[in-house]
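This report concerns only the one structure given below.
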Amino acid sequence: MDLYLGIDYGTSGARAVVIDEQGNVQTEVRYPWQKKDADHWSRALWSLLAEIPEPLRQQIKAIAINGTSSTVLLCDGAGKPVDVPLLYNDARGAVVLEQLREIAPPNHTVLSATSSLAKLLWMSQQQFFAEARYFVHQADWLAFLLHGQLGISDYHNALKLGYDVEALEYPEWLNQLAIPIQLPQVLAPGTPIAEIRPDIAIKFRFRRDCLVCAGTTDSIAAFIASGAELPGEAVTSLGSTLVLKLLSHTRIEDARYGIYSHRFGDLWLTGGASNTGGAVLREFFTNAELENLSREIDPAKVSNLDYYPLLQPGDRFPINDPKLPPRLTPRPETPKEFLHGLLESIARIEARGYELLQSLGANQVQRVYTAGGGAANSTWTAIRQRHLRVPVVASVYTEAAYGTALLAKTKYCNPQ
């Protein structure tokens, strides 16, 4: 029996799912983050592989990995990181935005403090840059650990590096930056890169012809897992952050609002990612409190608390402002009212995001699937449906790792 392994590197931890040819889950394993650096990423990878039952490992035909969008690092010629990675929400690239605006097209996706290209430009001005040979995304580097070939990416991860996903090439304006580093070779997500390294195959008892494929980002993997497939269908990922993806005939790109579009077959996945979400809720409530207090909230009742829930200043979408201040006051007397206000406010931000996408030319939203931990909160679902005014349903599968396993199996996102 041929099996397929999808590995998800999300904001709260790493997960792996093995599926069969029919898409049935054979096993799932998890690794919670203690620290988010390259050393822990590799530990998580080896731990996940070891936890998959050996009889299943011996039948895995292909592996794909997703990572958080714009989480990047520099490494030397042997693949060793030369400094700590910059995570998806790291905004130190804000200091190079004026330089980028002089060369990038107006309102381009890279014109964001958290874009991969802004991070690369910032890195190029640091002392450690002299030791680097390759610039890689999180998913690229993890796949390299398995197949041994540096400098290969996919066009989902490479979008915020400035790669032209319509022409399938690096644009001339990007080449003019002349940053002395090897930019990744970009493949379609799901494209087989190479067989797994022989030493890894021996150590973990994988079949020798197991293929490691080009990956994707965590939110696109969640979209693939959801069951959404028609224009107008959308997926909201309610994890540590809030990520919206709307399947559209039209490509929308506007850095003023943190909007970008990924190539998805002959359609476009347009959307954005906000720093609000579950991480803010967990700052104030335990999982048990969230569950119990949510049951006490009447979702038909509108909370008049108008928050912009952030843990620190700065958001990416639908307001793209690295200095946007959190708004978490006034604080009501009861925890139930406070949670109601938070859930309502995050739902308002979600609705504002979809309204913005539609106003710029994306397909009208017909249905919203929900992925991530927030999908299980029925009270929040009802509040969101009140704001969105379309059916809100749970994703068929909520794990991004499942979508990544499908990618390994089907080359789901290859261009037509």
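Quantities reported herein were computed from a predicted structural model and do not represent experimental measurements.
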How about W33 and Y9: are their ring centroids closer than 6.0 Å?
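So the answer is yes for these two rings.
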Is the distance between the ring centroids of F264 and F223 less than 6.0 Å?
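For F264 and F223, the ring centres are under 6.0 Å apart.
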Run the side chain to side chain contact (heavy atoms under 4.5 Å, CB included) check on I297 and L343 step by step: do they pass?
CA-CA 10 Å; I297 294 170; L343 297 179; 4.2 Å; yes
Roughly how far, to the nearest 0.5 Å, is [atom2] of [Y] from [atom1] of [X]?
X	Y	atom1	atom2	value
F129	L120	CZ	CG	6.0 Å
E51	L49	CD	CG	10.0 Å
R207	R57	CZ	CZ	14.5 Å
T276	L311	OG1	CG	8.5 Å
E350	L242	CD	CG	6.0 Å
S124	L74	OG	CG	9.0 Å

Test ring pair (Phe, Tyr, Trp, His ring centres under 6.0 Å) applied to F135 - qualifying residues, sequence neighbours left out
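H137.
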Listed partners of F128 passing ring pair (Phe, Tyr, Trp, His ring centres under 6.0 Å), at least two apart:
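Result, ring pair (Phe, Tyr, Trp, His ring centres under 6.0 Å) vs F128: none returned.
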Within the 3.5 Å criterion, strictly below it, is a donor on [X] or [Y] matched to an acceptor on the partner's side chain?
X	Y	result
S70	S116	yes
N320	R256	no
S153	D140	yes
H387	E344	yes
T11	S240	yes
E21	Y4	yes

Taking it one step at a time, do E131 and D83 satisfy side chain to side chain contact (heavy atoms under 4.5 Å, CB included)?
CA-CA 9 Å; E131 305 170 43; D83 199 65; over 6 Å; no
Hey, mind stepping through I196 and H147 against side chain to side chain contact (heavy atoms under 4.5 Å, CB included) and telling me if it holds?
CA-CA 5 Å; I196 196 167; H147 60 60; over 6 Å; no
Using a strict threshold of under 4.0 Å (side-chain N to carboxylate O), is an ion pair present between [Y] and [X]?
X	Y	result
D321	K323	no
E399	R30	yes
E355	R352	no
D39	R43	yes

State, yes or no, whether a side-chain contact exists between [X] and [Y] at a heavy-atom distance under 4.5 Å.
X	Y	result
L45	L145	yes
V212	F144	no
S219	K245	yes
L73	L86	no
L177	I103	yes
D154	V186	no
Y307	I349	no
T404	L5	no

Between [X] and [Y] (side chain of the first, backbone of the second, donor and acceptor by atom type, cut-off under 3.5 Å), is there such a pair?
X	Y	answer
Q59	P55	yes
E233	E229	yes
W141	G79	yes

Specify the closest pair of heavy atoms between [X] and [Y], including all atoms of both residues, with the distance to one decimal.
X	Y	value
A118	A113	CB-O, 4.0 Å
I181	R133	CD1-C, 3.4 Å
C75	V82	C-CG1, 4.0 Å
S294	L339	OG-CD2, 3.7 Å
L146	I63	CD1-CG2, 4.1 Å
L100	V110	CD1-O, 3.6 Å

With [X] via side chain to side chain contact (heavy atoms under 4.5 Å, CB included) - residues at least two apart:
X	answer
T109	K160, E253, Y260
Q34	Y31, P32, H40
S378	none
D218	D8, N66, T68

For T270 and S261: C-alpha separation, side-chain torsions, deciding distance, then whether side-chain hydrogen bond (donor to acceptor under 3.5 Å, both in side chains) applies.
CA-CA 4 Å; T270 185; S261 292; 3.1 Å; yes
Which pairs count as side-chain hydrogen bond (donor to acceptor under 3.5 Å, both in side chains) when at least one residue sits in residues 163-190, sequence neighbours excluded?
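Matches after skipping sequence neighbours: E166-R251.
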Could I get the full list of side chain to side chain donor-acceptor pair (under 3.5 Å) partners for [X], not counting sequence neighbours?
X	value
Y88	none
S248	N363
D315	S274, Y308
K119	none

For atom CZ of R205, decide whether the heavy atoms of other residues, nucleotides or ligands shown that lie under 6.0 angstrom number more than 12.
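No, CZ of R205 has 12 or fewer neighbouring heavy atoms, counting only those of other groups under 6.0 Å.
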May I have the list of side-chain donor-acceptor pairs in residues 367-376 shorter than 3.5 Å, sequence neighbours left out?
from, atom 1, to, atom 2, distance (Å)
T370, OG1, R384, NH1, 3.0
T370, OG1, R384, NH2, 3.1

Describe, in one word, how the ring planes of F338 and F285 are oriented to each other, choosing from parallel (under 30°), tilted (30 to 60°) and perpendicular (over 60°).
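Tilted.
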Where do F284 and L328 land on the side chain to side chain contact (heavy atoms under 4.5 Å, CB included) test, with the steps shown first?
CA-CA 11 Å; F284 299 103; L328 291 163; 4.0 Å; yes
